[in-house]
Amino acid sequence: MPELPEVETIRRYLNASLPHWQVQAVVHLDERMVKHSPVGPEEIRDRLTGATFTRVERMGKFLLLSMSTNGALLLHLGMSGRLVLEDSVVPRQRHTHLVLDLGSRELRLVDPRRFGRIAWATRPYSQSLHLGVDPLSRRFSGQVLYQLLAGRTTAIKTALLNQQLVAGIGNIYADEALYAARIHPARVAGHLTREEVDRLARAIRKVLRVSLAHRGTSFSDYVDALGHPGANQYYLNVYGREQLACRRCKNLIQREVLGGRSSHFCPRCQPQLPPAVTTMVEQGARHAEI
DNA sequence: ACCACATCCTGTTAGC
DNA sequence: TGCTAACAGGATGTGG
């Protein structure tokens, strides 16, 4: 599933490839994929036809393909979405919902599960998306995250998936970051100590940067704009590793459903109780031994 | 304002 | 072997 590193990998390639290319024709646009767009499918067709790409940006997990005609094609890949730029002679895959003819090449959106989105956006792009801070930006820090989590009673795992707080983290990297920071996913977000949140903020950045260096995680559907898988799936520590040995302590990785999403964690490296309570329990245990 | 849960969708897998 | 049911989860809408 495309999260920040996967979308950024696609963005980098498209931003290097698309500018100055003109949309000759909108060959195909599935109206059912147009969601929460200020303009309808027909208007999107009109605005794209004849327009030239200027640059490709990312906001959270959204891609914004800016056009010469003052506006941008807004795309979200959902769960199973693929955005590929390929030679027009390459046969189109099943579930292709958008085809832009660029001359010798086509930009194609393929999305079997249809969780993705096609929309039009006008500047300032950020207004309608309600996105929180980008975890790879300079604005993101332990202090900022601590303030965002203050007073929140939801599980930290659920909070990390809230795009209005931090934009770009999905189920894989939420689990990986919590493991790296040694924080149990069910801990109450607003109860984390400042030290824990500092650790978590650093873990989020590290996990995302490492994945980006591996060109993303290809767990099920993800491929980049050239159709190539990433390699970060070989470096995951908890996601998809239920009942496998923790790489740190050899305990078995557990899976629990939190907020309707599966969470993977090491029960030993990520204790359920906050640090102070854990310390008291340990002290209590010592007293008990005496 | 915040939170939990249902909803959309279809390929894959588990179970009978 | 073949069918059905459960499962996966992005963002969003609803109701509490």
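All chains are named by letter (A, B, ...) in the order of the sequence lines, taking the proteins before the strands, and each is independently numbered beginning at 1.
- Atom CG in A:Asp221 sits roughly 12 Å away from atom P in C:dG10 (whole-Å rounding).
- One finds the CG atom of A:Leu192 at 5.0 Å from the CD1 atom of A:Ile156 (value rounded to the nearest 0.5 Å).
- Nucleic acid contact for A:Tyr239: sugar-phosphate only, since backbone atoms but no base atoms lie under 4.0 Å from a heavy atom of the residue.
- Here the straight-line distance linking atom CG of A:Leu85 with atom CD1 of A:Ile10 works out to 11.5 Å at 0.5 Å rounding.
- No option in A:Leu226, A:Asp224, A:Leu18, A:Leu83 other than A:Leu226 meets the side-chain contact (heavy atoms from CB on, under 4.5 Å) test with A:Tyr13.
- Looking at the side chain of A:Lys61, the nearest of the listed nucleotides B:dC3, C:dA8, C:dG10 is C:dG10.
- Nucleotide C:dG10 holds its C1' atom 16 Å from the CG atom of A:Leu160, rounded to whole Å.
- Phosphate contact (OP1/OP2 of B:dA4, side-chain N/O of A:Thr154, threshold under 4.0 Å): present.
- At a cut-off of 3.5 angstrom, the base of B:dG11 holds no donor-acceptor pair with the side chain of A:Arg94.
- Per the geometry, CG belonging to A:Leu129 stands 11 Å off C1' belonging to C:dA11, to the nearest Å.
- Between the CG atom of A:Asp111 and the C1' atom of C:dG10 there is a distance of 10 Å, rounded to whole Å.
- Minimum atom distance to the side chain of A:Gln163 is reached by C:dA11, of the listed C:dA11, C:dA8, B:dT10.
- With axes fitted over five pairs at each extremity, the angle between the ends of the helix from B:dC2-C:dG16 to B:dC16-C:dG2 is 50° (10° resolution).
- The nearest heavy atom of DNA chain C to A:Leu131 and to A:Arg255 marks one nucleotide each, and the one closer to the 5' end goes with A:Arg255.
- Taking atom NE2 of A:His36 as the reference point, atom C1' of B:dC8 lies 10 Å away to the nearest angstrom.
- Annotation: A:Tyr235 is in aromatic contact with A:His214 [ring centroid separation under 6.0 Å].
- Residue A:His95 places at least one side-chain N or O under 4.0 Å from the OP1 or OP2 atom of B:dG11.
- A:Met79 comes within 4.0 angstrom of a base, heavy atoms only.
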Problem set entry | Trace of the side chain to side chain contact (heavy atoms under 4.5 Å, CB included) decision for A:Val210 with A:Lys206 | CA-CA 6 Å; A:Val210 166; A:Lys206 179 165 188 187; 4.2 Å; yes
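- In A:Glu31, the CD atom is not crowded: 12 or fewer heavy atoms of neighbouring residues, nucleotides or ligands sit closer than 6.0 Å.
- The side chain of A:Arg152 sits closest to B:dC3 out of C:dG10, B:dC3, C:dT12.
- Among the protein residues, A:Ser262 comes within range of the sugar-phosphate backbone only, with heavy atoms under 4.0 Å from sugar or phosphate atoms but none that close to a base.
- Taking the six-membered ring for Trp and the full ring otherwise, A:Tyr239 and A:Phe219 have centroids separated by under 6.0 Å.
- In the set C:dT12, C:dG10, B:dT10, C:dT12 carries the atom at the smallest distance from any side-chain atom of A:Arg117.
- Counting to the nearest Å, the P atom of C:dG9 and the NE2 atom of A:His76 are 15 Å from each other.
- Within the 4.0 angstrom heavy-atom criterion, no nucleotide atom of any strand lies near A:Ser220.
- Rounded to an integer number of Å, the gap from CG of A:Leu4 to P of C:dG10 is 13 Å.
- Contacts of A:Arg261 with the nucleic acid, taken as non-hydrogen atoms under 4.0 Å apart, include base atoms.
- Side-chain atoms of A:Phe115 lie closest to B:dC8 of the nucleotides B:dC3, B:dC8, C:dA8.
- Put simply, CZ on A:Phe219 is 11 Å from P on C:dA8, counting in whole angstrom units.
- Taking the ring axis of A:Tyr179 as reference, the NZ or CZ atom of A:Arg248 stays within 45° of it and closer than 6.0 Å to the ring centre.
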